[in-house]
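Residue numbers begin at 1 in each chain, while the letters A, B, ... track the order of the sequences. Scope of the values below: all heavy atoms of this structure, side chains included, with no hydrogens, waters or symmetry mates.
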Amino acid sequence: MTAARAITCPACGGTIEVRAAGFSVNLACVHCGSLLDVSRPEVVLIERHAEAARAYALPLGTRGVLYGDEWAVVGATLRSDGEASWQEFLLFNPYRGYRWLVLFEGDWQFGTPLTDRPQGDGVRIVWRGEGYAAVSDPTVTTNQAVAGEFYWRLAAGDTAQCTLFERGDEVLSRECTADEENWTHLVPLPGALIAEAFGPAPTQPGRRRSAPQGFSAAGAKPQRETGDRDDLVWMFGLATITAIVALFAMVLLAGPVSVVTGRIQVPVGSRTQPERIGTITVTRPYQFVTITADTDNFHNRWVDLDYSLVDRATQQSTDAYGLVEYYTGTDSDGAWSEGSHRTETMISRVPRGTYDVYVGAEAHGWPSDPVQTPDAWYGTETISVKIDARTGAMSWGMWVTLLLGLLAWPGLILWWRNREDD
Amino acid sequence: MTSRLIVFALWCAALLIGSVYSTYHAYSFYSDDADRPSASGAGGGPRHK
């Protein structure tokens with residue numbers, strides 16, 4: 001590593017080490033945060049800060065080995081895009097130059113400044129034969145705090161405009177100021193690798209925020225992808241847990257079960273009078289009542305079913321309807337069939353009470369009712385309908401709706417992300 | 001925990017409370033109350049073309 005140079009802060013008198021002496025032009029005092037010009041032999045105070053240097057995740061001066069090279073943390077800055085903030089660290093190696101580490105919501109990225117500029121427009125660019133797609137509009141980011149030394153004039157309050165381009169986990173960051181345009185290539189880095197290289201982070205920044213739009217003054221910027229992916233996993237997990245808890249709650253609240261079954265015979269071409277099937281009891285304040293009608297095997301017939309639940313205490317009737325129909329035929333495409341021999345009707349908000357279940361029915365043929373022959377052997381054609389009325393059912397439709405509501409949000413985010421990757 | 005995750009957690013809680021409330025009152029968007037199936041009245045028959 002290059003020889004360090006010790007200076008005295010003209011603001012607080014503290015001794016400061018210039019680690020990249022000869023390269024750094026800007027330095028923030030680690031004791032008082034004042035901004036100093038170290039490009040000349042005499043150290044000049046640029047801006048005095050009363051506030052002590054902010055605690056960063058990596059202490060200035062820390063050395064560590066990444067990708068086979070030893071790097072020293074020479075500068076740190078806290079950046080914000082107005083919605084989120086993150087930390088960026090300037091690494092220095094006298095043989096390799098400068099690199100960046102970006103910390104956003106616990107995720108790290110390693111950034112390399114580009115010397116070859118990508119080609120393309122503001123939406124899609126190509127760099128070294130690979131395409132990258134823009135994931136954000138140009139966003140203004142601000143340096144909120146600066147510590148350590150930098151190879152250009154950097155001060156709190158400096159702003160730049162950044163655009164991010166992604167290809168999978170890799171990100172290209174373009175940063176524009178009034179004077180220049182810088183590009184940085186960023187790749188994700190496991191936190192364990194940072195801890196192994198630089199030691200555990202002694203302090204963490206203040207409350208972290210989500211979804212930054214920013215980048216660094218040197219071209220580095222946080223990658224939104226990794227943090228988003230983490231909370232997307234949490235979203236799916238939370239949705240699954242909520243769906244399971246809701247399912248248990250809905251099953252528990254739906255019971256208990258009261259069942260009555262019976263059978264009615266419906267002559268085709270006529271209507272039957274309501275027939276009492278039996279009695280069911282609703283024991284909760286409200287319960288669903290489901291009535292299932294199963295018929296024998298018929299073709300080209302339909303059966304209208306009228307259900308009535310008559311409260312024994314009030315004689316109030318709750319009505320519902322069912323339809324069983326089944327048709328077959330042939331046409332130019334061949335044989336076809338339509339309908340079912342079974343139907344289920346769900347009655348909601350049935351209040352607590354004891355109910356007599358009545359079923360009336362009407363059956364007809366298609367395309368017309370069959371001609372009834374006064375034949376003593378065959379008699380009148382009838383359809384046998386088995387009725388099953390019960391309490392204690394839950395609405396699976398409501399649960400599926402809940403599931404869709406839970407998964408819509410993370411699903412849309414996932415879809416949007418895959419669309420961007422494509 | 002990101003703010004987006006917090007909002008989503010609140011959304012999950014709201015949906016859970018809503019589904020439990022609707023189940024307690026036996027309410028469903030998909031119940032068949034007073035809905036007479038379409039074949040009745042208009043005459044039965046297949047819709048097959």
Inset, instruction - Starting at SG of B:Cys12, measure out to CG of A:Leu406 and round the result to the nearest 0.5 Å. - result: 5.0 Å

Legend entry - Distance (rounded to the nearest 0.5 Å) between B:Phe8 CZ and A:Leu232 CG: 9.0 Å

Legend entry - Gap between atom OG1 of B:Thr23 and atom CZ of A:Arg284 - 0.5 Å precision: 10.5 Å

Inset, instruction - Nearest 0.5 Å please: distance from the CH2 atom of B:Trp11 over to the CE atom of A:Met235. - result: 12.5 Å

Legend entry - Among the listed options A:Met346, A:Glu362, A:Arg301, the residue most often paired with chain B at heavy-atom distances under 4.5 Å: A:Met346

Inset, instruction - Examine whether an atom of A:Met394 lies under 4.5 Å from a heavy atom of chain B, and if so say whether it belongs to the side chain, the backbone or both; otherwise answer neither. - result: neither

Legend entry - Residues in salt bridge (charged side-chain N to carboxylate O under 4.0 Å, His left out) contact with A:Asp294, at least two apart in sequence or another chain: A:Arg342

Inset, instruction - Check whether any side-chain heavy atom of B:Arg4 lies under 4.5 Å from a side-chain heavy atom of A:Ile413, and answer yes or no. - result: yes

Inset, instruction - Decide if atom OH of B:Tyr24 counts as having more than 12 heavy atoms of other residues, nucleotides or ligands within a radius under 6.0 Å. - result: no

Legend entry - B:Phe29 CZ to A:Met398 CE distance, which is reported to the nearest 0.5 Å: 4.5 Å

Legend entry - Of A:Thr401, A:Leu402, A:Thr242, the residue whose pairing with B:Leu15 passes side-chain contact (heavy atoms from CB on, under 4.5 Å): A:Leu402

Legend entry - Distance, nearest 0.5 Å, that separates CZ of A:Phe288 from OG of B:Ser28: 5.0 Å

Legend entry - Exercise: do A:Ser348 and B:Tyr30 side chains pair donor with acceptor under 3.5 Å: no

Inset, instruction - Could you check if a side-chain atom of B:Val7 sits within less than 4.5 angstrom of a side-chain atom of A:Trp409, using non-hydrogen atoms only? - result: yes

Legend entry - side-chain hydrogen bond (donor to acceptor under 3.5 Å, both in side chains) partners for B:Tyr21, two or more places apart: none

Legend entry - Student check: side-chain heavy atoms of A:Ile347 and B:Asp32 closer than 4.5 Å: no

Inset, instruction - Please indicate whether A:Glu344 has more than 12 foreign heavy atoms, meaning atoms of other residues, nucleotides or ligands, lying under 6.0 Å from its CD. - result: yes

